[in-house]
Amino acid sequence: MATEQLRAQLAAIAHELGAGDVAVVLETPRNPEHGDVASNLALVLAKRLRRNPRQLGEEIAARIDLAATGLESAEIAGPGFINFRLAGASLQSQVTGILAADRGYGRSQTGAGRRVLVEFVSANPTGPLHVAHGRGAALGDGIAALLEWTGHAVAREFYVNDAGVQIDRLAESLEARWRQQRGEAASIPEGGYHGDYLIDLARVVDADLGPELATLASEARRRTLRDYAVERLRQEQDADLREFGVHFDSYFSESELYAAGLLTETRQELRTRGLTYEQEGAVWLRTAAFGDDKDRVLVKSDGTFTYFLPDIAYHRDKARRGFDHAINVWGADHHGYVPRMKAALAALGLPDFLDVEIVQMVRIMRGGVEAKFSKRAGDFVTLRELFEETGRDVARYFFLMRRGDTQMLFDLDLALDQSEKNPVYKVQYAHARMMSIFRKGGVGADAVVATAAELARLTHELERDLIKQLTLFPGVVERAAEARAPHVVCDYLEQTAGMVNSWYHAGNPNRNPALAVLAQDPATRSARLALARATRVVLRNGLELLGLSAPERMQREDSE
RNA sequence: GCGCCCGUAGCUCAGUUGGACAGAGCGGCGGCCUUCUAAGCCGCGGGUCACAGGUUCGAAUCCUGUCGGGCGCGCCA
């Protein structure tokens, strides 16, 4: 790639000028007058070398071997930017590169050799998944995909909190519903679960195990109900996620930690390392020595563990399983928990092992008012209700198109709009348009190729702009992976789709038929088909990276 | 009280390892349909980047403070 050669040359020149190692930043200026590629290298070096930036820019520009990097010109502008113009041929040759890479276009090996565990959703098995879980699911899956695209070995994991107080409340709540179902007076315990879904479950469990339950002693009955509820609700969550298009490589349950003796083992290790102490009958961990506000309790004075200990044991286990790095996608209500978790891992000698991505809350707006309640689930809207109404692609995209760490408004009216106002359809439609051209032209989408001589026909400004845009894709993926930010990809795809549409519509028979992809002239036609395919490759790869479909044709559902 | 996130166009949001006039989508206004699918396209208007200081050749971006919104601060999970 021409830009990579340029980058290398600039880095070398920086060395020659005595500036040492510099991360050369190349960007595509918004203003076309500023060329195809621009670098602020002179500005960066000016500071370091205490020299006039423009003068330095001239000096750098003079040292560049234009021909060797496929450049037409380099000029100094503004405070000291160096603006480069690509030679036409090098731009056109990018198309060939994209077609050759095809499904691999956008992939890189930046993260090769790194094993990363991405843990997300990890909802308690106490009820249906709600929209915030959906956002976490989309984001976790998107982050995992970005890491895969940059060469990391990624595993997706769901942590099941199937032991502990909340599960006891679940069992008690189900028992109350079951008794109500049998005509007995019973009420949901404090801190229990009030949603209608437990009424449904009570009916099912009664049909399933009713007679048996009636004969059991209360202890055994509650255990039976607990296991039943956890299993059923887990299955329901799995089904929701599967239909949402999110798949996990592994599930790790809290009860496994107990069974494998990892809690006592972890506690032992912490003690051996001199990290714990007893005070007021409880066992404390010295997290304050590792960046936390204060020390935290591991074992309560009544002898039971806090939630903290299993979490430490779990994360310690992640490292023991051979992962170099762990990324957790957590809800905003857990952000205060991050420092102590990191502190605990630092105490175990894993200071940079964990990164936590916080997912903020989602508000659903319909007709200008906030939709809050679900009949079945009680005080929240379920993920399933959402994606059954909008469709999977739309729901996923809407969750992904915003930064995860800020609160978002989910505009249901826009989500249900099937025109190109809806950003999802705008991108998908741009892809479908390219596919429709191939159908019309009678060529296989994946078979299109063009010679360099033919590609030389791509001289129109819209074509040049589009090619430049397509060449940005790999960099966008890398940047998005680095920032764990799928929305960067969404922004890019929307922008690309806009440019695709401009190009496509410019060739409308009523506007300028000479610009149609399926032009009369065979060479031009071949070149434009190749560009159309390169476009399709980028849009498809981007959509699939985000876990969305890249449709061959768009079908509108008739509005009811 | 302390900590974290946030405050950018009428609305929803990008841009925040400092850089060229602050961007997109939606909404608004004005054009354009016997279509390589108008589910659209082209153009126009719209902002004291919450506020006040500071650092810098240069600040939406960094620092300090103020105001406003959200969340978290348990021997809960």
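Order of the sequence lines sets the chain letters (A, B, ...), proteins ahead of strands, with each chain counted from 1.
Between the side chain of A/Asn83 and the base of B/A20 there is at least one donor-acceptor pair of N/O atoms closer than 3.5 Å. Interface remark: the A/Ser301 side chain does form a donor-acceptor pair with the B/C75 base, using a distance-only criterion of under 3.5 Å. A donor N or O paired with an acceptor N or O is found under 3.5 Å between the base of B/G3 and the side-chain atoms of A/His335. In the interface, the side chain of A/Glu280 is paired with the base of B/C75 through a donor and an acceptor atom under 3.5 Å apart.
The side chain of A/Trp284 lies closest to B/C75 when the candidates are B/A14, B/C26, B/C75. The A/Val165 side chain lies nearest to B/A77 when the options are B/A14, B/A39, B/A77. Proximity note for A/Val297 (side chain, C-beta onward) versus B/C75, B/G40, B/G72: the nearest is B/C75. Set against B/C5, B/G19, B/A20, the side chain of A/Ala38 has B/A20 as its closest nucleotide. The side chain of A/Leu409 approaches B/C13 more closely than any other nucleotide in the set B/A77, B/A39, B/C13. Considering only side-chain atoms of A/Thr406, the nucleotide from B/A77, B/C5, B/G40 that sits closest is B/C5. For A/Thr306, taking side-chain heavy atoms from C-beta onward, the closest of the listed nucleotides B/G40, B/A77, B/A14 is B/A77. In the set B/A77, B/A39, B/C6, the nucleotide with an atom closest to the side chain of A/Arg403 is B/C6. Counting only heavy atoms from C-beta on, A/Asn501 has its side chain closest to B/C41 among B/A14, B/C75, B/C41. Across B/G15, B/G19, B/U12, the shortest atom-to-atom separation from the side chain of A/Arg402 is found for B/U12.
Note on A/Gly507: a base of the nucleic acid sits closer than 4.0 angstrom, heavy atoms only. In this structure, A/Ala332 reaches the sugar-phosphate backbone alone: every heavy-atom distance under 4.0 Å involves primed, P, OP1 or OP2 atoms, never a base. Within the 4.0 angstrom heavy-atom criterion, no nucleotide atom of any strand lies near A/Asp411. Among the heavy atoms of the strands, none lies under 4.0 Å from A/Glu278. Using a 4.0 Å heavy-atom cutoff across all strands shown, A/His334 reaches at least one base atom of the nucleic acid. Using a 4.0 Å heavy-atom distance criterion, A/Ser502 is classed as a sugar-phosphate-only contact.
Base pairing of B/C67: its partner is B/G7, meeting the Watson-Crick or G-U wobble criterion (both donor-acceptor distances under 3.5 Å). Within the shown strands, B/G54 is the pairing partner of B/C62 under the Watson-Crick or G-U definition, both distances less than 3.5 Å. Using the Watson-Crick or G-U wobble rule with both distances under 3.5 Å, B/A24 pairs with B/U12. Under the Watson-Crick or G-U wobble criterion, with both distances below 3.5 Å, B/C49 has no partner in any strand shown. Of the nucleotides present, B/C73 is the one that pairs with B/G1 by Watson-Crick or G-U wobble criteria, both distances under 3.5 Å. Judged by Watson-Crick or G-U wobble contacts below 3.5 Å, the nucleotide B/C41 has B/G31 as its partner.
Put simply, CE on A/Met401 is 10 Å from C1' on B/C26, counting in whole angstrom units. The separation between A/Ile358 atom CD1 and B/G70 atom P is 19 Å, rounded to whole Å. The nearest whole Å value for the distance from the CE atom in A/Met499 to the P atom in B/C41 is 14 Å. Between the OH atom of A/Tyr492 and the P atom of B/G15 there is a distance of 17 Å, rounded to whole Å. Separating the NZ atom of A/Lys426 from the P atom of B/G25 is a distance of 6 Å, rounded to the nearest angstrom. What separates CG of A/Leu493 from P of B/A14 is a distance of 16 Å, to the nearest Å. Atom OH of A/Tyr425 is separated from atom P of B/G40 by 12 Å (rounded to the nearest Å). For A/Arg363 and B/C11, the CZ to P distance is 13 Å, given to the nearest whole Å.
For the pair A/Arg222 and A/Asp168, the salt-bridge criterion is not met [side-chain N within less than 4.0 Å of a carboxylate O].
How far CZ of A/Arg366 is from CZ of A/Phe410: 10.5 Å, rounded to the nearest 0.5 Å. A distance of 11.5 Å separates NZ in A/Lys300 from CG in A/Leu309, rounded to the nearest 0.5 Å.
With both ends at atom P, the span from B/C57 to B/A52 equals 23 Å, rounded to whole Å. B/G65 sits 25 Å from B/G47 when the C1' atoms are compared, rounded to a whole Å. Distance check on atom C1': B/C13 versus B/G7 gives 13 Å, rounded to whole Å. Taking atom P in both B/G46 and B/A24, the straight-line distance is 13 Å, to the nearest Å. A gap of 29 Å separates the P atoms of B/G28 and B/C51, to the nearest Å. Only the P atoms considered, B/C33 is 32 Å distant from B/G23, to the nearest whole Å. Rounded to whole Å, the C1' atom of B/G58 lies 14 Å from the corresponding atom of B/C21. Comparing B/C2 with B/U55, their C1' atoms are spaced 28 Å from each other, to the whole Å.
Heavy atoms of other residues, nucleotides or ligands lying less than 6.0 angstrom from CG of A/Asp352 number 12 at most. Heavy-atom neighbours of A/Glu482 CD from other residues, nucleotides or ligands within 6.0 Å: at or below the threshold of 12. Counting heavy-atom neighbours within 6.0 Å of A/Gln520 CD, excluding the residue itself, gives a total of 12 or less.
Of the two residues contacting RNA chain B, namely A/Arg296 and A/Gln407, the nearest-nucleotide position lying further toward the 5' end is that of A/Gln407. Of the two residues contacting RNA chain B, namely A/Met361 and A/Phe305, the nearest-nucleotide position lying further toward the 5' end is that of A/Met361.
Note on A/Lys300: a side-chain N or O is less than 4.0 Å away from OP1 or OP2 of B/A77. Of the side-chain N and O atoms in A/Lys294, none sit less than 4.0 angstrom from OP1 or OP2 of B/C73. Residue A/Thr304 has no polar side-chain atom (N or O) positioned under 4.0 Å from OP1 or OP2 of B/C75.
None of A/Gln428, A/Arg433, A/Met434, A/Met435 except one satisfies the side-chain contact (heavy atoms from CB on, under 4.5 Å) rule with A/His431; the exception is A/Met435.
Listed for the A/Tyr492 side chain is a donor-acceptor partner under 3.5 Å among the backbone atoms of A/Gln469.
Between A/Trp330 and A/His334, the angle of the ring planes lies from 30° to 60°, which puts this pair in the tilted group.
No side-chain donor-acceptor contact under 3.5 Å links A/Arg169 and A/Gln166.
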